[in-house]
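The chains referred to below are lettered A, B, ... by the order of the sequence lines, with proteins before strands, and numbering in each begins at 1. Just so you know, these numbers use all the heavy atoms, side chains as well, and skip hydrogens, waters and symmetry mates.
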2 protein chains.
Amino acid sequence: MLSNSSKYAIKAVLYLAINSNEEKKVTVKDISTPINVPQAYIAKLLQELVKADIISSTRGPKGGFYLNEVNKNQPVINILNVIDGEKRLTSCMLSLEKCKEEKPCPLHNILSPSRKKITHLLHLKSIKDLATEVQLGNAFLPL
Amino acid sequence: MLSNSSKYAIKAVLYLAINSNEEKKVTVKDISTPINVPQAYIAKLLQELVKADIISSTRGPKGGFYLNEVNKNQPVINILNVIDGEKRLTSCMLSLEKCKEEKPCPLHNILSPSRKKITHLLHLKSIKDLATEVQLGNAFLPL
DNA sequence: AATATTTTATGATAAAAATCATATTTAAGA
DNA sequence: TCTTAAATATGATTTTTATCATAAAATATT
Ligand code: FES
Ligand code: FES
């Protein structure tokens with residue numbers, strides 16, 4: 001469904017959404033343990049996310065990663081699109097070149113509605129939305 | 001979503017559902033081209049499928065792969081479970097050890113219903129069902 | 001029985017994804 | 001301005017997945 005990398009990325013971003021802001025930045029060392037992802041690995045992912053404007057960062061002492069308001073209000077799908085690419089969730093499940101209603105593969109007619117719903121929801125829900133669910137105790141994060 | 005291997009496997013099984021039976025077996029050489037999968041690769045997959053009783057085969061001259069009635073009436077999910085393993089479609093989308101309603105990850109509450117629907121439909125639909133859709137012209141196969 | 005045709009078993013190679021490692025750059029604070 | 005703490009850039013290594021190759025076993029046909 002999702003690659004390992006994008007799972008890690010989502011966990012990291014949600015962690016930042018809950019535990020950081022412009023004044024309180026989080027270092028790669030401090031995020032690695034609570035989200036249970038190897039430090040060197042999450043470091044690389046965070047760098048990609050910064051470059052894609054999903055999260056923010058500053059270097060040097062007192063630096064670290066954080067989410068500003070613009071970051072928080074992005075849809076969750078942005079994370080997946082950066083890490084996994086847009087096609088992962090939308091390309092044909094049998095790898096036909098063009099996935100469309102006019103020439104559907106045998107899985108399309110039965111599964112496409114559910115898949116579309118998934119991507120729709122990922123567009124609809126913002127990072128902040130998910131973070132709020134965690135804060136309300138309606139959802140939980142690792143370990 | 002699905003591995004390359006299980007996409008290939010589904011295409012192959014559907015091809016057999018449409019083009020084979022006990023009297024008319026299909027050789028690995030004859031299936032490779034129409035489903036557009038390298039011969040050595042699909043050969044290996046077909047062997048796994050035979051071992052798992054998803055499809056049937058006989059060796060020697062006039063031998064080949066085919067689907068009997070029992071094979072055809074199996075749910076499509078059987079193919080995926082053999083090739084990709086059962087967890088691929090059901091394990092937590094953020095890799096939490098246990099994916100369940102009582103302690104859902106932040107993606108669970110929003111996406112789990114759609115995912116459950118997908119696996120439910122894959123249980124519900126038989127290989128024959130999908131083959132019929134192709135034969136009726138409601139779905140299409142590669143190239 | 002011999003031959004030819006097919007699957008089966010087994011493993012080798014290549015490509016991609018996941019993971020690890022480190023030198024460089026930036027910025028804060030003494 | 002020097003030192004230190006952080007991200008950034010870059011690339012190496014490992015593991016997994018995908019792909020390719022082939023000798024052995026089985027069966028139909030002659
Ligand atoms: S054509 Fe295959 S999923 Fe749409
Ligand atoms: S707990 Fe993550 S998908 Fe169910």
Would you mind reading off the distance between [X] atom [atom1] and [N] atom [atom2], rounded to a whole angstrom?
X	N	atom1	atom2	value
Asn4(B)	dC20(D)	CG	C1'	15 Å
Lys7(A)	dA17(C)	NZ	P	15 Å
Glu48(B)	dT7(C)	CD	P	16 Å
Ile55(A)	dT8(D)	CD1	C1'	12 Å
Tyr41(A)	dA12(D)	OH	C1'	15 Å
Lys29(B)	dT22(D)	NZ	P	16 Å
Gln39(A)	dA7(D)	CD	C1'	12 Å
Arg88(A)	dA16(C)	CZ	P	14 Å

Checklist entry - Got a donor-acceptor pair under 3.5 Å from the side chain of Arg59(B) to the base of dT6(C)? => result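 Answer is no: no donor-acceptor pair is held.
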
Checklist entry - Counting distance only, does the side-chain N/O of Asp129(B) pair as donor-acceptor with the main-chain N or O of Ser126(B) below 3.5 Å? => result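 Yes, because the side chain of Asp129(B) sits within donor-acceptor range (under 3.5 Å) of the backbone of Ser126(B).
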
From the options [options], select the nucleotide whose nearest atom is closest to the side chain of [X].
X	options	value
Ser57(A)	dT7(C), dA7(D), dT8(C)	dA7(D)
Tyr8(B)	dT8(C), dT19(D), dA28(D)	dT19(D)
Gln47(A)	dA9(D), dG29(C), dT5(C)	dA9(D)
Thr27(A)	dT7(C), dA6(D), dA18(C)	dA6(D)
Val50(B)	dA18(D), dA21(D), dT8(C)	dT8(C)
Pro61(A)	dA27(C), dA28(D), dT7(C)	dA27(C)

Checklist outcome for this item: On a heavy-atom basis, the closest approach of Ile127(B) and Asn71(B) is CD1-O, 3.6 Å

Item to check | Atom of Pro75(A), atom of Leu122(A) and distance for their closest heavy-atom approach | outcome: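 Minimum heavy-atom separation between Pro75(A) and Leu122(A): CB-O, 3.7 Å.
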
Next on the checklist: Between Lys116(A) and Glu101(A), is the salt bridge (Lys or Arg N to Asp or Glu O under 4.0 Å) condition met? List the steps.
Outcome noted: CA-CA 12 Å; Lys116(A) 287 208 176 101; Glu101(A) 315 298 335; 2.6 Å; yes

Checklist entry - What nucleic acid atoms does Lys51(B) come within less than 4.0 Å of, heavy atoms only: base, sugar-phosphate, or nothing? => result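 Sugar-phosphate only.
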
Checklist entry - Val28(B) or Lys44(A): which one's nearest nucleotide on DNA chain C is closer to the 5' end? => result Val28(B)

Next on the checklist: Please tell me whether Ser5(A) and Tyr41(A) have a donor and an acceptor in their side chains that are separated by less than 3.5 angstrom.
Outcome noted: yes

Next on the checklist: dA26(D), OP1 or OP2 - any side-chain N/O from Thr58(B) closer than 4.0 Å?
Outcome noted: no

Checklist entry - Does a nitrogen or oxygen in the side chain of Ser5(A) sit under 4.0 Å from OP1 or OP2 of dA18(C)? => result yes

